[in-house]
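One structure below.
Small disclaimer: the values here were computed from a predicted structure and weren't measured. Every chain is numbered from 1 and lettered A, B, ... according to where its sequence line falls, protein lines coming before strand lines.
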Amino acid sequence: MTIEKTTLDRRAFLRSSVMAGGGLVLGLSWLASAASAVEKATDVSASEWANFNAFLKIGEDGRVTIFSPNPEGGQGVLTAMPMIVAEELDVDWKNVVVEQAPLDTKLYSRQYMGGSNSIRSGWNPLRKAGATARQMLREAAAQSWHVPVGEVTTAKGVLHHKSSGKSATYGELATAAASIPVPADVELKAVKDFAIIGTSPKNVVGKEIVTGKPLFGYDIQEEDMRIAMIVHPPAFGMKLKSFNASSVKTMPGIKDVFQIKVFNEDYVWEHFDTVTFNELVAIVGNSTWEVMNAKLMLEVEWEQIQDHTITRNDYYAGKQELNIPSKPENSDWHKSASAEMAAQPGNVLRKDGNPEDAFRNAAKIIESTFIGPWLAHNNMEPYSFFAHVTDEWAKLKGPNQKPGLTVNALSHRLGMPVEKIEVEMTRMGGAFGRRSYAHWMIEAALISQHVKAPVKLVYSREDDMTGGIYRPYYRADYRAALDKNNKLIAFHVKAGGLVESPLINPNLFPAGAVDNYLAESWQIDSNITIGSYRAPRSNFMAVAEQSFLDEVAEAAGIDPIEFRLELLDRVKTNPVGERVGYDADRLAGVIKLLKEKAGTGQAGVHRGVSAYFAHGTYVAQALDIIIEKGKPKTKNVCCTVDCGIVINPDGLKNQAEGSIVDGIGVAMYGNLTFTNGVPDQNNFDTYEMIRYGDPLLPETIDIHFVESEVDPTGMGEPAFPPIMAALANALYKAKGKRLYSQPFVNDLG
Amino acid sequence: MAIFKLKINGKQYQVDVDPSTPVLWVLRDHLKMMGTKYGCGVAQCGACTIHLDGEAVRSCITFVDSVGDQEITTIEGLSENGDHPVQEAWLEHDVAQCGYCQPGQIMSAAALLNSNPHPGDEEIETAMSGNICRCGTYTRIKQAIKTAANS
């Protein structure tokens with residue numbers, strides 16, 4: 001990809017402009033204005049988008065380079081974000097060259113991937129960036145042609161003045177436009193006039209991917225670069241005691257063996273600074289294979305940690321002390337400790353009406369317990385980062401979901417100002433939340449600093465899978481009360497997990513639909529570290545809640561789709577309580593579209609349905625199973641989506657399809673267990689992933705979008721959580737057995 | 001260390017490495033061909049798939065001293081201009097999400113079509129079952145293989 005010589009540096013120029021902050025507030029009804037804790041936290045970061053203004057430059061030949069600000073890990077923003085700029089700039093997509101923007105905490109803010117938020121937060125600033133440049137080009141044309149600016153129109157990168165017949169390309173007027181004052185307000189296109197948004201241009205680096213170009217952190221090659229690997233403790237609750245490097249240092253290709261300390265003891269973690277093993281042995285050598293062999297031969301002594309606390313600034317909860325117990329943990333203990341917590345009163349997050357009385361007076365009570373296991377992320381690209389640290393500057397390059405945040409930790413650790421640190425974002429070979437915690441960036445920097453040379457740190461699959469920061473073990477206990485007319489009169493959810501509860505937003509469905517409602521939460525300290533995992537918390541709450549609602553609908557003798565729609569009618573007409581954290585119209589909208597598109601099931605087809613609002617987007621799904629040769633087989637998944645305006649329909653369909661396949665795989669097989677603190681699974685021979693030939697891999701997947709002019713939301717996560725419930729509900733229909741505990745494969749036989 | 005002469009993508013190469021070095025690391029570290037990916041090191045994920053005399057093998061467990069005069073093909077050499085029917089079908093279906101596993105997927109698919117130009121569903125599933133995609137692009141991969149088979 002080449003950059004054309006440009007007549008101006010738009011990035012420097014636009015820096016002076018002050019754009020209104022891109023609001024996150026969607027055109028929702030009053031219900032959604034009661035933002036959840038999660039939404040509030042996101043709003044804070046969104047307001048910082050006012051500084052996000054370095055998006056494009058225009059070449060003399062009319063080609064436009066659009067800088068995509070956020071890291072790309074397969075969610076498609078490297079194509080979709082520039083589409084938004086190009087739309088408002090009014091250029092032909094084929095003249096657009098896309099480049100990954102560098103990390104620049106002054107030029108950009110919110111350069112991170114998470115919460116399906118790139119498009120949601122980027123929408124307004126990206127539109128304004130394109131529209132501002134278009135407006136300046138129009139004014140330059142008006143001055144050059146001595147005509148009123150209102151008479152200058154644009155079409156596909158060309159400026160026109162109708163009555164005089166004058167026209168010029170953007171490239172011809174780009175220099176003149178540079179001297180135009182940045183307009184305070186710009187007009188944005190009407191949705192009906194969109195020419196790029198709503199089309200499906202292909203992945204801008206598709207060709208590079210299919211030809212094996214070095215796009216990823218693992219692929220980095222730099223002059224005089226050495227390969228480094230780390231050795232971390234074999235178990236949670238252990239730390240480095242001592243090591244003997246003498247036999248390893250003489251091995252072929254080995255340059256150095258030494259200890260690094262990721263953070264100093266008094267460092268206060270920011271949210272994404274989680275580190276599992278703070279003291280590591282680093283081995284540096286000439287090639288990966290030589291370093292891998294040295295790793296096997298290294299003599300290390302480990303010792304048990306002491307009980308201790310870590311101070312951390314939590315993204316949601318603020319400053320908190322994390323208690324790290326020293327005891328080695330077993331999966332049996334995770335189960336029994338959770339059961340003990342579930343038997344006690346929890347922390348009440350929401351209470352409507354009088355649930356105790358309602359349960360006492362119920363005609364029927366349904367109770368179920370759901371378990372979600374620890375999950376490893378298993379990005380196909382194991383962790384890696386390139387670092388070249390000198391006394392004066394540091395250059396880093398690699399996969400990192402939150403470079404704009406984690407660079408601060410690096411700066412602190414190196415004692416080097418952020419301005420002296422250059423961080424380049426590579427394409428991420430999967431991210432799924434795990435690359436938010438970029439401790440390997442700091443590790444790489446410390447190793448480079450020590451050996452005074454450029455270094456690429458690479459993790460083996462085993463290092464990666466046993467390195468912590470997992471989706472935690474969760475448990476949810478549900479109770480529902482029906483009256484003698486089978487009306488749902490009370491609903492109780494109590495959920496918790498190791499280190500965190502999956503229930504932090506008690507205002508999601510069915511809150512607002514039930515007169516007597518109680519939501520409680522609990523948590524247990526652990527020495528196993530946790531972190532974001534695709535659709536954090538909802539990746540468990542959706543399967544538990546949507547499976548349970550299916551069970552309640554059955555007990556009430558009502559069709560599961562009609563049951564949900566009746567509850568949502570209640571929310572729309574006469575909501576219970578002060579806060580409802582979702583738009584009942586939009587949730588009902590995807591369910592109604594599902595009814596229309598999925599049709600009525602056929603004989604011999606077992607259908608499970610699910611509907612969920614998570615990470616800004618509404619999704620409903622119907623998963624159809626048949627029994628073939630005595631085994632369940634997924635025929636089709638129908639999925640309806642309301643993510644507002646659809647930027648790139650085929651890109652979004654790909655995200656939904658992938659989420660559905662991933663969700664089925666995780667629900668069926670995803671499982672990390674522990675014996676005396678040691679993960680029982682450390683590679684793909686023991687950690688099962690869904691593969692071709694799996695009968696539950698859907699033969700076909702249909703995705704349908706609700707037509708909408710509401711501002712767009714993201715699609716990297718929302719279709720992932722509910723499919724697990726649709727699967728559980730369909731398997732129940734097919735096999736007659738409710739599935740309460742993941743991985744489902746253990747209960748299916 | 002020992003000298004090995006390898007024929008890769010139609011060209012001759014010579015490397016001086018430990019005989020137990022997997023071809024994966026010879027390609028990546030010694031010859032700087034980064035298209036063949038490391039995913040697991042134990043032949044469980046397929047990201048490192050290459051062709052040895054046209055057959056798909058996992059380069060992470062194929063030691064350099066076992067290659068002999070067999071011809072190695074990597075994703076870089078599958079076609080001159082990235083226009084192998086499988087690569088074109090991948091682009092037509094816009095298969096990739098993160099893209100990390102896709103060179104391995106493409107090499108497995110190309111080997112399948114070499115030996116079986118019109119595979120049925122079960123043959124595709126069997127041939128591709130060693131390649132994991134965490135992004136879950138399996139449905140598009142299957143469509144792309146069928147498109148490539150018909151081209």
Side-chain angles (χ1 to χ4, degrees), chain A residues 73-76 200 202-203 205-207 209-216 218-219 221 227 252 286-290 292-293 377-382 427-432 458 460-462 650-651 654-655 657-663 665 683-685 689-693 697-698 700-701, chain B residues 1 17-18 20-22 24-26 28-30 32-42 44-45 47 74-76 78-79 82 86-88 90-92 94-103 106 121-122 124-142:
Chain A
Q75 82 278 41
S200 297
K202 307 270 191 223
N203 186 336
V205 293
K207 182 89 181 218
I209 289 170
V210 304
T211 52
K213 293 289 180 293
L215 300 170
F216 302 94
Y218 230 96
D219 300 340
Q221 282 294 332
I227 299 290
N286 292 335
S287 73
T288 315
W289 185 243
E290 286 166 327
M292 280 181 168
N293 282 326
H377 291 72
N378 297 342
N379 294 305
M380 293 313 297
E381 181 199 15
R427 189 177 187 82
M428 296 179 281
F432 301 111
V458 294
S460 70
R461 172 59 61 194
E462 291 83 0
D650 191 57
N654 200 348
Q655 291 299 307
E657 291 163 13
S659 299
I660 286 164
V661 168
D662 187 26
N683 206 323
F684 296 128
D685 51 351
M689 307 278 284
I690 193 164
R691 293 171 181 270
Y692 296 92
L697 192 63
T700 50
I701 300 174
Chain B
M1 304 295 264
V17 295
D18 185 277
S20 73
T21 309
L24 169 68
W25 301 115
V26 172
R28 292 181 57 86
D29 282 353
H30 299 273
K32 314 298 181 203
M33 294 182 195
M34 308 309 273
T36 306
K37 307 300 184 192
Y38 165 77
C40 69
V42 291
Q44 291 293 315
C45 80
T74 71
I75 188 75
E76 289 91 347
L78 186 62
S79 61
V86 172
Q87 290 168 313
E88 296 212 315
W90 245 248
L91 292 176
E92 184 185 329
D94 216 7
V95 168
Q97 287 189 27
C98 87
Y100 190 79
C101 74
Q102 300 298 349
I106 288 168
D121 279 2
E122 281 190 20
I124 292 175
E125 286 163 7
T126 303
M128 300 300 292
S129 64
N131 289 76
I132 299 174
C133 173
R134 165 83 216 264
C135 299
T137 62
Y138 298 130
T139 39
R140 284 188 185 224
I141 287 174
K142 195 186 238 180

Which atoms of [X] are under 4.5 Å from chain A, going by heavy atoms: the side chain, the backbone, both sets, or neither?
X	value
B:Val95	backbone
B:Thr36	neither
B:Met1	side chain
B:Ile106	side chain
B:Ala96	both
B:Ser129	both

Check: [X] side chain, [Y] main-chain N or O, donor-acceptor pair, under 3.5 Å:
X	Y	value
A:Asn683	B:Cys40	yes
A:Asp650	B:Asp94	no
B:Tyr138	A:Ile690	yes
A:Arg427	B:Cys98	yes

How close do [X] and [Y] get, counting heavy atoms only, and between which atoms?
X	Y	answer
B:Tyr100	A:Met380	CE2-O, 3.2 Å
A:Arg691	B:Ile132	NH2-CD1, 3.4 Å
A:Phe684	B:Cys45	CD1-CB, 3.8 Å
A:Phe216	B:Lys37	CD1-NZ, 3.8 Å
A:Arg461	B:Tyr38	N-OH, 2.7 Å
A:Ser287	B:His30	CB-NE2, 4.2 Å

Mind ranking [options] by heavy-atom pairs under 4.5 Å with chain A and telling me who comes out on top?
options	result
B:Gly39, B:Ser79, B:Cys101	B:Gly39
B:Arg134, B:Gln102, B:Lys142	B:Arg134
B:Arg140, B:Gln87, B:Met128, B:Met34	B:Arg140
B:Gly35, B:Gly99, B:Gly130	B:Gly99

(message) Counting C-beta onward and ignoring hydrogens, is there a side-chain heavy-atom pair between A:Val210 and B:Glu88 closer than 4.5 Å?
(response)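 Not in contact.
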
(request) Answer whether the closest heavy-atom distance between the side chains of A:Tyr692 and B:Ile141 falls below 4.5 Å. (result)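 Yes, close enough: below the 4.5 Å cut-off.
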
Toward chain B, the part of [X] with a non-hydrogen atom under 4.5 Å:
X	answer
A:Glu290	side chain
A:Ser200	neither
A:Pro698	backbone
A:Lys207	both

Under 4.5 Å, counting heavy-atom pairs only, tell me which of [options] racks up the most with chain B.
options	answer
A:Met292, A:Met428, A:Glu462	A:Met292
A:Gln221, A:His377, A:Met689	A:Gln221
A:Asn379, A:Thr211, A:Leu697, A:Thr700	A:Thr211
A:Asn286, A:Ile227, A:Thr288	A:Thr288
A:Ala431, A:Gly212, A:Gly430	A:Gly212

Inter-residue atom distance [X].[atom1] - [Y].[atom2], 0.5 Å rounding:
X	Y	atom1	atom2	result
B:Gln97	A:Asn203	CD	CG	9.5 Å
A:Asp662	B:Thr137	CG	OG1	11.0 Å
B:Asp18	A:Asn293	CG	CG	7.0 Å

(request) Would you please classify the geometry between the B:Trp25 ring and the A:Tyr218 ring as parallel, tilted or perpendicular, with 30° and 60° separating the classes? (result)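 The arrangement is tilted - the two ring planes meet at 30° to 60°.
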
